[in-house]
Amino acid sequence: MNRLHKTKVQKINSEHNTIIAVNDVHIGEGYFTVIAGPCALESEELALKTAKAVENSGARIFRCSLFKPRTSPYTYQGYGIEGVNLLKLLHSETNLLLETEILSTDHLDTLAKEADILRIGSRNMDNYELLKAVGKINKPVILKRNMSATLEEFLLAAEYILSVGNEKIILCERGIRTFETYTRNTLDILAVPALKELTHLPVIVDPSHSTGKSSLVPAASKAALAAGADGLMIEVHPDPINSYSDGKQSINIPTFDKLMRELSEMANLLGKKSFSTIHG
Ligand code: PEP
Ligand code: MN
């Protein structure tokens with residue numbers, strides 16, 4: 001890991017932890033913060049229903065993707081930028097922070113204005129112009145690990161953001177490609193403690209894209225908390241079978257509520273300072 005020497009992402013000592021605060025929501029060492037919501041926003045009605053349900057179960061941040069990077073150009077691509085009005089509506093109807101994916105610098109101004117947290121997906125981890133662009137704004141950014149990136153490459157991508165000024169970066173482990181095909185990706189669970197010792201940045205886990213199977217999401221979520229993750233980003237849908245995208249890995253609302261109760265107990269045992277407003 002020579003290339004990390006003297007970088008801004010590097011952890012200097014065990015006390016060196018960046019904690020990101022947005023309003024009363026904290027992300028970082030000592031906290032466990034859950035981001036939940038559908039793979040992509042589908043309709044106003046579904047967005048509001050899902051947001052209110054995940055908020056009621058203790059999530060603090062709503063995953064509300066307007067843009068979907070899809071392998072096939074013929075599958076649902078998301079609402080697009082016209083959907084920003086939905087973000088305004090969600091802000092007025094809930095107390096949730098809103099998190100959304102950015103695919104292009106063309107949308108930076110609009111998305112940075114309406115969303116609380118931006119996400120750079122795994123396919124864009126190596127999009128250096130996009131990394132530098134979000135590096136110049138004062139807004140938290142979730143950076144997802146590319147499915148074939150080493151931890152060093154992942155951290156150097158984060159360095160692109162940090163080096164130009166934005167220190168509010170949240171790293172997200174979302175599974176890597178291996179020879180195993182039963183799961184969509186292989187959750188690299190040890191990436192969590194490894195990243196926590198290499199960098200001061202918060203580390204969260206995506207148990208949905210890393211498994212590809214809703215039945216495995218609760219176990220992956222608990223493993224992430226046990227491994228020291230600072231939070232999760234989970235795909236939740238009221239009717240996963242009829243979801244426009246990633247229905248197989250989306251958990252329904254009762255499953256999410258049960259999982260949140262279990263995670264809350266675990267988080268308390270582990271001495272996390274905050275978990276949720278409802279069950280915590
Ligand atoms: C996502 O979070 O919407 C997504 C597409 O995941 P990833 O970028 O990790 O593939
Ligand atoms: Mn998805």
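Counting convention: from 1, in listed order, for ligands and their atoms alike. FYI, side chains are in, hydrogens and waters are out, and symmetry mates aren't considered; it's all heavy atoms of this structure.
Classification of E114 and K88 as a salt-bridged pair holds, one side-chain N sitting under 4.0 Å from a carboxylate O. The pair E262-K258 counts as a salt bridge, with a side-chain nitrogen and a carboxylate oxygen less than 4.0 angstrom apart. A salt bridge does not link E55 with K52: every distance from a Lys NZ or Arg NE/NH1/NH2 to an Asp or Glu carboxylate oxygen is 4.0 Å or more.
Distances from ligand 1 to the non-hydrogen atoms of R145 include no value under 4.0 Å.
The nearest protein atom to atom 5 (C) of ligand 1, hydrogens excluded, is given as K68 NZ, 3.5 Å; this is a heavy-atom distance. Annotation: atom 4 (C) of ligand 1 to nearest protein heavy atom, H209 NE2, 3.4 Å. The closest protein non-hydrogen atom to atom 7 (P) of ligand 1 is S122 OG, 3.2 Å.
Of all N/O/S atoms in E235, OE2 sits nearest the Mn ion (ligand 2). Take the N/O/S atoms of D246: the one nearest the Mn ion (ligand 2) is OD2.
Compare K144, M233, M147, R174 by their heavy atoms: the one nearest to atom 6 (O) of ligand 1 is in K144.
With sequence neighbours excluded, the residues that form a side-chain hydrogen bond (donor to acceptor under 3.5 Å, both in side chains) with D206 are K144, H209.
Distance alone, capped at 3.5 Å, is enough to place a donor-acceptor pair between the K139 side chain and the A115 backbone.
Close N/O approach between R123 and ligand 1 is found [any backbone or side-chain N/O within under 3.5 Å].
Close contacts of ligand 1 with R119, meaning ligand atoms under 4.0 Å from a residue heavy atom, involve 1 (C), 2 (O), 3 (O). Every atom of ligand 1 with a heavy atom of G121 under 4.0 Å away is listed here by number and element: 8 (O).
Residue I204 forms a side chain to side chain contact (heavy atoms under 4.5 Å, CB included) with just one option from L171, I35, L232, and that option is I35.
Atom CG of residue L143 and atom SG of residue C172 lie 9.0 Å apart, to the nearest 0.5 angstrom.
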